[in-house]
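Structure first, then comments.
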There are 2 protein chains.
Amino acid sequence: MARKTGSHSEITGPRIRAAAEHLFARHGYAAVSMRQIAAEVGVQAGALYLYTPDKQSLLADLMRAHLEGLLAACAALPEAPGPEARLAQFARFHIGYHIERPDAVFIAYMELRNLEPANFAAIEALRRQYEDRLEAILRDGRAAGAFTIPDTKLATLALIAMLTGVTNWYREGGRLGRAEVEAIYADMALKAVGATGIAG
Amino acid sequence: MARKTGSHSEITGPRIRAAAEHLFARHGYAAVSMRQIAAEVGVQAGALYLYTPDKQSLLADLMRAHLEGLLAACAALPEAPGPEARLAQFARFHIGYHIERPDAVFIAYMELRNLEPANFAAIEALRRQYEDRLEAILRDGRAAGAFTIPDTKLATLALIAMLTGVTNWYREGGRLGRAEVEAIYADMALKAVGATGIAG
DNA sequence: GTCTATAGGGTGATAGAC
DNA sequence: GTCTATCACCCTATAGAC
């Protein structure tokens, strides 16, 4: 792409997304105005429309980017040997990835109701893809006799809710470090599905 | 209290709270206008201010009422014999109570950021009281050797997140009934804390 | 690429008639 | 107890100057 002298387009775009992510997470999409976002970036409100067609797209793009990043990182995990190791790996990955992106995570599951139908469907499909990865681990583990699960779908949703819950309280520099939190949650996840072996 | 002939004050007040609860849960506090609430009730916007000093109080009152009801219902539970029974009872109670009030639950943990500082502190104190009830069960159970928990506070937060997660997907008339869901979750909660006995 | 100015409309809350 | 009318302000998005 050709550079345009004196332009800031390559820096302003990311800064707008960062400001929007921060403000949406803190105050909520509906409570944040385009003027506030512009003020945080240091431009006037009209300038935002060079980078996004409207406020709704700004939200949808943030959520899509987050979920696509989550899926890509999850797909890049190395193969783990056996159901227990796979579940422990998933639990640690999920917590680590979410702890590092509290704003994006918050938005991704608090602002679903502010998405227009078409955007909602797209985001929901991505979320479900991710859910399916955990469900596959649980299903395989149950088939192999490694887990005791009355209902695979329910266990999937219960585990994701439990693991995602860390973002409600975890703070950098708090009583427990990231590694400890990952270990404790992975252990609880394994126990919750009645894992027989030891792989936490 | 004296009745005023031709007045609707005893019916309009509750209807306003019900409409606000429904709309706040569906679209979010910031996205709902006083005019929308009034329209749902069937009055003009100005009439709302006979029942609430402002929009913020409407939100805070809904959240306080929900949490006070939750605490009262929790306190009214019969004594259960032993740590496993106590935890199973709590898990079933939590799920049952939350499943029956999806709107209030949604608001109570999605709209915290829209509370003014004084209201936030009051609501947060109630939430913490409830959390402490579960934490006491886990602490006692660990002391009695019935549970295996690396960190009591973490286990508390993990279990509450897991149990509250039901409200994200549970629908009346769905694949699983309330009793089944309660049983499955109570079982997972007991396993997650390494319960030794059987009381699910 | 960013600015100022503005169109067109919605907002919370209040005043005064009935 | 409710209505109509209104105040003062904020909103998203666009047009046109620079």
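Convention: sequence-line order gives letters A, B, ...; per-chain numbering from 1.
Look at CE on B/Met34: it is 6 Å from P on C/dA13, rounded to the nearest Å.
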task = Determine, step by step, whether A/Arg178 and A/Glu100 satisfy the salt bridge (charged side-chain N to carboxylate O under 4.0 Å, His left out) criterion, reporting the C-alpha distance in whole Å, the side-chain angles of both residues, the deciding distance to 0.1 Å, and the verdict.
result = CA-CA 10 Å; A/Arg178 182 183 138 153; A/Glu100 285 176 359; 2.3 Å; yes
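Contacts of residues 37-56 of chain B with DNA chain C (heavy atom under 4.0 Å): B/Gly46, B/Tyr49, B/Asp54, B/Lys55. Remark: B/Val32, B/Ser33 in residues 18-33 of chain B come within less than 4.0 Å of DNA chain C through at least one heavy atom. Taking every heavy atom of residues 112-123 of chain B and every atom of DNA chain C, no pair lies under 4.0 Å.
Every residue meeting the side-chain hydrogen bond (donor to acceptor under 3.5 Å, both in side chains) condition with A/Lys191, not counting sequence neighbours, appears here in chain and number order: A/Asp187. Residues satisfying the side-chain hydrogen bond (donor to acceptor under 3.5 Å, both in side chains) criterion with B/Thr12, sequence neighbours excluded, are absent altogether.
Side-chain polar atoms of B/Asn114 and B/Glu111 form a donor-acceptor pair below 3.5 angstrom. Between the side chains of A/His94 and A/Thr164, a donor-acceptor pair is found at a separation under 3.5 Å.
Checking side-chain atoms of B/Arg142 against main-chain N and O of B/Ile149 turns up a donor-acceptor pair under 3.5 Å. Checking side-chain atoms of B/Glu40 against main-chain N and O of B/Ile37 turns up no donor-acceptor pair under 3.5 Å.
B/Met63 contributes atom CE, which lies 11.5 Å from atom CE of B/Met110 (distance to the nearest 0.5 angstrom).
Ion pairing of A/Asp140 with A/Arg86 is present here, as a side-chain N (NZ or NE/NH1/NH2) and a carboxylate O approach within less than 4.0 Å. Looking at B/Glu131 and B/Lys153, a side-chain N of the basic residue comes within less than 4.0 Å of a carboxylate O on the acidic one, giving a salt bridge.
At a cut-off of 3.5 angstrom, counting only N and O atoms as typed in the model, there is no donor on one side facing an acceptor on the other between the side-chain of B/Arg35 and the base of C/dG10.
Axis deviation across the helix from C/dG1-D/dC18 to C/dC18-D/dG1 amounts to 0°, comparing end segments of five pairs, rounded to 10 degrees.
A cation-pi contact, defined as under 6.0 Å to the ring centre and within 45° of the axis, links B/Arg101 to B/Tyr97.
The aromatic rings of B/Tyr185 and B/Trp169 lie parallel to each other, with less than 30° between the two planes, well short of the 60° mark.
The side chain of A/Thr12 contributes no N or O atom lying less than 4.0 Å from OP1 or OP2 of C/dG1.
For B/Tyr130 and B/Phe90, the distance between ring centers is under 6.0 angstrom.
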